[in-house]
Amino acid sequence: MTCTVNGVPRTADDVWEGESLLYVLRERLGLPGSKNACEQGECGSCTVYLDGTAVCSCLVAAGQAVGREVVTVEGLSGGPDAEPGPVQRAFLAAGAVQCGFCTPGLIVAVDDLLSRNPHPTDPQIREALAGNLCRCTGYEKIMEAVRLAAGGQA
Amino acid sequence: MMDFLTPVTWADALAVKADRPEAVPVAGGTDVMVELNFHRRRPAALLDLTRVPELAAWGRDGDVLRVGAGVSYTRLIEELGGLLPGLAAASRTVGSPQIRNRGTLGGNLGSASPAGDGHPPLLAAGAVVELASVRGTREVPVADFFTGPKRSVLAPDELIAAVLVAPADGPEQFAKIGTRNAMVIAVSSFALALHPGRRSVGTGIGSAAPTPRRAPEAEEFAAAHLPWDGPGPLDPDLARRFGELVSAAAAPIDDVRGTAAYRRHSLSVLARRTLTWAWEELCE
Ligand SMILES: Cc1cc2nc3c(=O)[nH]c(=O)nc-3n(C[C@H](O)[C@H](O)[C@H](O)COP(=O)(O)OP(=O)(O)OC[C@H]3O[C@@H](n4cnc5c(N)ncnc54)[C@H](O)[C@@H]3O)c2cc1C
Ligand code: FES
Ligand code: FES
């Protein structure tokens, strides 16, 4: 199976085309940034861009991603050793990361929100993040992080 | 080993489905992939519909809109919010942005859940489902499409091509009861369409019967008693009676999301409210 991941053409072997894109990313391509917490679209921790659209990678069949462009949380900074991107910095600055399990999916969802709506209102932020569950922070710090990122202050 | 079939044209897709009627179509995957991930289903073949451009298109076809089965909720909201406000309102309540980006109207019909949020507004608008196979095309009114919980008239060699629906010619409303605001399956839902030009009313009930269904008596009552001639404030008794008739049309059951009695009650409230809102919109 071949697709473009974070700008680089990648090939994964022995893929069963009905397995999820999330599984391919984590288990076959060594990209553990996208998390697997529910495998049923409920938690958003596996959120990636597929051809520019934010989706739950656990609900995309591997065969559906063939030839498509995938961007994961790893693609939003320059790479594992590079500086974090602006949304990532805002999450750190606001203390919006506790266990961190929800964070990668949230980073992609926030990146998506701000690319469409650079100055969201609080209700718009809540709506945009309705599909991303966090069991630790109670969301207030996450709201704060989004406001920071939107203000370009991080 | 499972086959993964990837037609890239509509004609191909129909030919593949005729050849492999047991193949399970997958569009947005928001229902199918959950079943696969949890090993609830091991189909012999998956038929990917996301590479068939015809399914992702919508356009005018004479007096009606033809909305391809592969149009996502996000696109229904962004591109068809003005022409089909009831369907767009229902789409806004589906899942989360990620689910709306991926989930399709055709997938909602294909799953045929009594709780599918796309169904009540299609019922209220009098929409028709276009089904196709290599044998030909047939048009089935949405009200006749569902045959039971998660069952429909779709034949094994058929695919859902599109939904045919007239653009709104009056106010449309959708309301849904759930346990919280986001990411909930409806406990009950209701859609309403007013057609002031021909003085008629359309309804659609969700999550309160084995299939989504209309409330024909409520429709007739409202059509006959709404003050079409001199639009003014709505008589509260009329709205209440309408709510009772909608509730009477339901056949709800008790389940984990709610009791039958609560479903009936909430439906009467939703129906009364949506009629009031729609009438106010008409009078504006
Ligand atoms: C977290 C989460 C939240 C959800 N919230 C809601 C909600 O609030 N309201 C709601 O109504 N639904 C909800 N759903 C269910 C689901 O998103 C919808 O039913 C959606 O419309 C399914 O569309 P899909 O394209 O993803 O379908 P798929 O999963 O691809 O397919 C669904 C079914 O339709 C069949 N199918 C798809 N396309 C065709 C076609 N063209 N011809 C014939 N058969 C076809 C498939 O074989 C399958 O049986 C939710 C799902 C998840 C995971
Ligand atoms: S793992 Fe995909 S949404 Fe939870
Ligand atoms: S920080 Fe633990 S789930 Fe969000």
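Labels below follow one simple rule: chain letters A, B, ... track the order of the sequence lines, proteins then strands, and each chain is numbered from 1.
At a 4.5 Å heavy-atom cutoff, the contact between A:Leu50 and chain B is made by side-chain atoms alone. In this structure, chain A has no heavy atom under 4.5 Å from any part of B:Ala45. Only the side chain of A:Thr47 comes within contact range of chain B, with at least one heavy atom under 4.5 Å from a heavy atom of that chain.
Atom CG of residue B:Asn37 and atom SG of residue A:Cys38 lie 9.0 Å apart, to the nearest 0.5 angstrom. Expressed to the nearest 0.5 Å, how far SG of A:Cys56 lies from CD1 of B:Ile99 amounts to 4.5 Å. Atom CG of B:Asn101 and atom CG of A:Asp51 lie 12.0 Å apart (nearest 0.5 Å). Rounded to the nearest 0.5 Å, atoms CZ (B:Phe38) and CD (A:Gln40) are 4.0 Å apart. In this structure, the separation between CD on A:Glu19 and CZ on B:Phe4 is 11.0 Å, given to the nearest 0.5 Å.
Counting heavy-atom pairs closer than 4.5 Å to chain A, the top-ranked of the candidates B:Val26, B:Thr6, B:Val32 is B:Val26. Each of A:Ala109, A:Ala54, A:Ala62, A:Ala128 has some count of heavy-atom pairs under 4.5 Å with chain B, and the biggest count is that of A:Ala54.
Pairing each heavy atom of A:Gln64 with each of B:Thr50, the nearest pair is NE2-CG2, 3.4 Å. Considering every non-hydrogen atom in both B:Pro97 and A:Gly131, the closest pair reads CD-N, 4.4 Å.
A donor-acceptor contact closer than 3.5 angstrom links the side chains of B:Gln98 and A:Asn132.
Using a 4.5 Å cut-off on side-chain heavy atoms (C-beta onward), A:Arg68 and B:Arg51 make contact.
Counting only residues at least two apart or on different chains, the salt bridge (charged side-chain N to carboxylate O under 4.0 Å, His left out) pairs with a member in residues 99-118 of chain B are A:Glu127-B:Arg100, B:Asp117-B:Lys176.
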(request) Given side-chain contact (heavy atoms from CB on, under 4.5 Å), test B:Met33 with A:Cys58 step by step and report yes or no. (result) CA-CA 8 Å; B:Met33 287 303 290; A:Cys58 69; over 6 Å; no
